[in-house]
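Chain letters run A, B, ... following the sequence lines, proteins first and then strands; every chain starts at 1. For clarity, every value in this text was computed on a predicted model and none was experimentally measured.
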Number of protein chains: 2
Amino acid sequence: MRPTTKDLAKEAGVSLATVDRVLNGRPGVRNKTVEAVNAAIEKIGFVRNLSAANLAKGKQYRFRFMLPAHGDQFLGELRARIDEANQGLGVEGMVLSHQEVSHSDPHLIAETLSQIGPDKVDGVALMAPESPQVRDAALRLKERGVHVVHLISGKQQAGDFDFVGIDNQSAGATAARLLGRFNCRKEGKVVVIAETMNARDSLERRKGFDMVLTRDYPHLSALPSLETYGDPRRTRDVIANVLRNNADVVGVYIMSSEAKPALDALAAESDPQSLIVVAHELTSRTRDALMSGEADALIAQNPGHLVRSAVRLLRAHCDNRSVVKSQEVIRIEILIKENLSV
Amino acid sequence: MRPTTKDLAKEAGVSLATVDRVLNGRPGVRNKTVEAVNAAIEKIGFVRNLSAANLAKGKQYRFRFMLPAHGDQFLGELRARIDEANQGLGVEGMVLSHQEVSHSDPHLIAETLSQIGPDKVDGVALMAPESPQVRDAALRLKERGVHVVHLISGKQQAGDFDFVGIDNQSAGATAARLLGRFNCRKEGKVVVIAETMNARDSLERRKGFDMVLTRDYPHLSALPSLETYGDPRRTRDVIANVLRNNADVVGVYIMSSEAKPALDALAAESDPQSLIVVAHELTSRTRDALMSGEADALIAQNPGHLVRSAVRLLRAHCDNRSVVKSQEVIRIEILIKENLSV
DNA sequence: TTGAAAGCGCTAACAA
DNA sequence: TTGTTAGCGCTTTCAA
């Protein structure tokens, strides 16, 4: 049997209460006693039973996903996975929720974050574009004792917070490689479509894309990124325009995670079957596109994995545990017709 | 607060013990009482606290992975992921172990399974080729009260056991599509290399492969599958031989999950850079091959996901819970140089 | 600065 | 067929 706090107390020659105080780093214990307990922990190889601790504390882990208010397809998937995970995780004493906030104004996001406290929530998975306001609000949230991880948006380099999501530069590079290889040495232009180039995500995707395309496929030249601002009408206009002005377009890279407007516009303004089209994320629309030949490949991050990874990280933070980092890397998935599965 | 067994007992007008008996389906309760308790459960929306139950029972979930004794690369990965998961899962009261057994003799596998009982293990994730002996042994294991899921090998169609792994026919189809698209309409032959064609996995991969290749790439013709029996020497011989007899080989599909022998042989007997090579699974050798250009794409199942999914399924079986099936689908990953990540 | 004792939600003898 | 009670490993008053 694994040693318990009782064994530990006996070994250290102190009471259960003192053991508990040491284990939880509570004050009011003599330094010497602390050392004695720690020595005993080493000696008998004590490991805490967190379930029992949570039971005694009556503790639940309450995690909140902060998501953008706009965007229906990919975000719908994400919300569905959160709800799904919530079902399964209830067993383990975790409660997930999600809250929507418009991404148009950083102040609004910061304001929303400032309303959250440790009384309501133990951790937040924050999907929001980088900005000083949000950064500050997140830091203050952390100070108030609410754990934070960044989700999908924001920078992945180790900063103040863990990051859950794909490496966007590699994602862009992957898109370029697929476009290049699928295209078979035909010369021409490549259209790049983004919602906005103000977000770090888009910039990094573009950077990775250009790097591979210019180095390995000099016969392909990528046009300047088109910005759609998520507006279907504008999307159609810019796409119609670029196709009118460039007769030799051979490929399209749809960079934004909501690909529907661009795919719809392409279908209306051209014959996408004759173009190599690479888009992001698996949604009902991109799935259809793949099946119909409108799109040739998708670059995706699995929303289920995103959710579970965020939860594992938040949980680890709450318990003051470390995680196996390699287990939390979100893979850049390449999806074609054949490996869609289900 | 969530209602507890106490609330439930009060509501149903019975004692805690009776509530417990009903919750656990134990005998010795009048039908009428059972109904009363069930009604109360509905009424107050009672959900069981499994952690508390496990604590009271002193229960640990002990899961055993049964793996083939041979195979170093992919299996090494798998074992590493099991050990890794074991670290993290200890917190939740689960203990993972793995046991190796030679795949050469179905009787030996069956024999090994027959030694396992509910005293040692609560669930088994079984990786073994299909055979009547193994099937029987697994069924008897289940009867003895040990939960079983099939891992990687075996049939994925809903049978007596859950299956954790990729759809092999789709995997083969994916390989063919990549070979076809990467090859750019050059005519020629495709070499297919397997460990053995006696395993269902290989047959299904080949089936999916041929389906796509013959339908969509008639200018490519796949040669009969070469069997290596996992022997490096033989591997080299058959590959040297096939290359000698076919001047117009343009692509290679390495079907087995241990790709190293075939990759090594290809490197020795040809210029793999000029061939389109698709292999299975991400290992140190296939990773190198991707980076060096020896291989153009990998079809992979993520060993970490395999392990965690198997654990979730076994755990759900133990608790008599249902799982979200869509969450347990193992994706067929396409890996190229750019999306290797880490 | 320390300890004794009650209790978290559930299970399992034992008694009735 | 049902209930009483002690206890799982840990936390948390309250008292010393």
Side-chain angles (χ1 to χ4, degrees), chain A residues 1-38 40-41 44-62 90-95 122 318-321, chain B residues 1-38 40-41 44-62 90-95 122 318-321:
Chain A
M1 270 315 276
R2 245 164 61 166
T4 72
T5 36
K6 242 185 212 160
D7 306 319
L8 186 53
K10 195 184 293 169
E11 180 69 35
V14 297
S15 74
L16 278 175
T18 300
V19 160
D20 184 70
R21 283 189 265 263
V22 174
L23 286 177
N24 294 288
R26 279 188 263 273
V29 188
R30 261 199 330 205
N31 237 306
K32 237 186 122 154
T33 318
V34 174
E35 277 159 28
V37 173
N38 283 328
I41 291 177
I44 65 174
F46 172 84
V47 250
R48 229 169 138 163
N49 181 333
L50 276 173
S51 305
N54 289 333
L55 175 59
K57 281 196 278 219
K59 165 146 192 153
Q60 294 231 99
Y61 297 86
R62 300 150 307 165
V91 182
E92 335 231 300
M94 308 205 225
V95 185
D122 302 290
C318 285
D319 295 342
N320 216 336
R321 268 185 301 127
Chain B
M1 269 316 275
R2 245 165 60 167
T4 72
T5 35
K6 240 184 213 161
D7 304 320
L8 185 53
K10 196 184 294 169
E11 180 67 38
V14 297
S15 75
L16 277 176
T18 301
V19 160
D20 184 69
R21 284 190 264 265
V22 174
L23 286 178
N24 293 289
R26 279 188 264 273
V29 188
R30 262 200 327 204
N31 238 307
K32 233 183 127 157
T33 318
V34 174
E35 277 160 27
V37 173
N38 283 328
I41 290 177
I44 65 174
F46 171 84
V47 248
R48 223 168 144 176
N49 181 334
L50 275 174
S51 305
N54 290 333
L55 175 60
K57 279 196 280 219
K59 165 148 194 150
Q60 294 230 98
Y61 297 87
R62 299 152 307 165
V91 182
E92 334 229 303
M94 308 203 224
V95 184
D122 303 291
C318 286
D319 295 342
N320 216 336
R321 268 185 301 128

Does Val22(B) form a side chain to side chain contact (heavy atoms under 4.5 Å, CB included) with Thr33(B)? I'd like the steps, not just the answer. CA-CA 9 Å; Val22(B) 174; Thr33(B) 318; 5.6 Å; no
Can you list the residues that meet the salt bridge (Lys or Arg N to Asp or Glu O under 4.0 Å) rule with Arg2(A), with sequence neighbours excluded? none
Starting at the 5' end of DNA chain D and moving along, which residue's nearest nucleotide shows up first, Ala17(B) or Gly58(B)? Ala17(B)
First and last nt of DNA chain D near chain B, cut-off under 4.0 Å to heavy atoms, 5' to 3', are dT1(D) to dG9(D)
Any residue of residues 20-35 of chain A with a heavy atom less than 4.0 Å from an atom of DNA chain D: Asp20(A), Asn24(A), Arg26(A)
Show the nearest heavy-atom pair for residues Asn54(A) and Tyr61(A), with the distance to one decimal. ND2-OH, 3.1 Å
Salt bridge (Lys or Arg N to Asp or Glu O under 4.0 Å) pairs, two or more places apart, involving residues 17-30 of chain A: Asp20(A)-Arg26(A)
Determine whether Ser15(A) and Thr18(A) satisfy the following criterion, side chain to side chain contact (heavy atoms under 4.5 Å, CB included), listing intermediate values before the conclusion. CA-CA 5 Å; Ser15(A) 74; Thr18(A) 300; 3.4 Å; yes
Residues two or more places apart in sequence or in another chain: which of them pass side-chain contact (heavy atoms from CB on, under 4.5 Å) with Thr4(B)? Lys6(B), Asp7(B)
From Arg48(A) atom CZ to Ile41(A) atom CD1, the distance as rounded to the nearest 0.5 Å: 9.5 Å
Evaluate Val37(A) against Glu11(A) for side chain to side chain contact (heavy atoms under 4.5 Å, CB included), listing each step before the verdict. CA-CA 8 Å; Val37(A) 173; Glu11(A) 180 69 35; over 6 Å; no
Touch check for Ala53(A), heavy atoms < 4.0 angstrom, all strands: base, sugar-phosphate only, or nothing? sugar-phosphate
If you walk 5' to 3' along DNA chain C, what is the first nucleotide with an atom under 4.0 Å of a heavy atom in chain B, and what is the last? dC8(C) to dA12(C)
What's the separation between atom CG in Leu23(A) and atom CG in Leu8(A), rounded to the nearest 0.5 Å? 6.0 Å
The side-chain contact (heavy atoms from CB on, under 4.5 Å) partners of Ala52(A) (sequence neighbours excluded) come to Asn49(A), Leu55(B)
Of the non-hydrogen atoms in Ala12(A) and Ala36(A), which two are nearest, and what is the gap between them? CB-O, 4.2 Å
Got a sec, which residues hit salt bridge (Lys or Arg N to Asp or Glu O under 4.0 Å) with Lys59(A), two or more places apart in sequence or on another chain? Asp122(A)
SG of Cys318(A) to CE of Met94(A): how many Å apart, nearest 0.5 Å? 9.5 Å
For the helix from dT1(C)-dA16(D) to dA16(C)-dT1(D), what angle lies between the axis at the first five pairs and the axis at the last five pairs, to 10 degrees? 40°
Base, sugar-phosphate alone, or nothing: which one does Val14(B) contact when heavy atoms must sit under 4.0 Å apart? sugar-phosphate
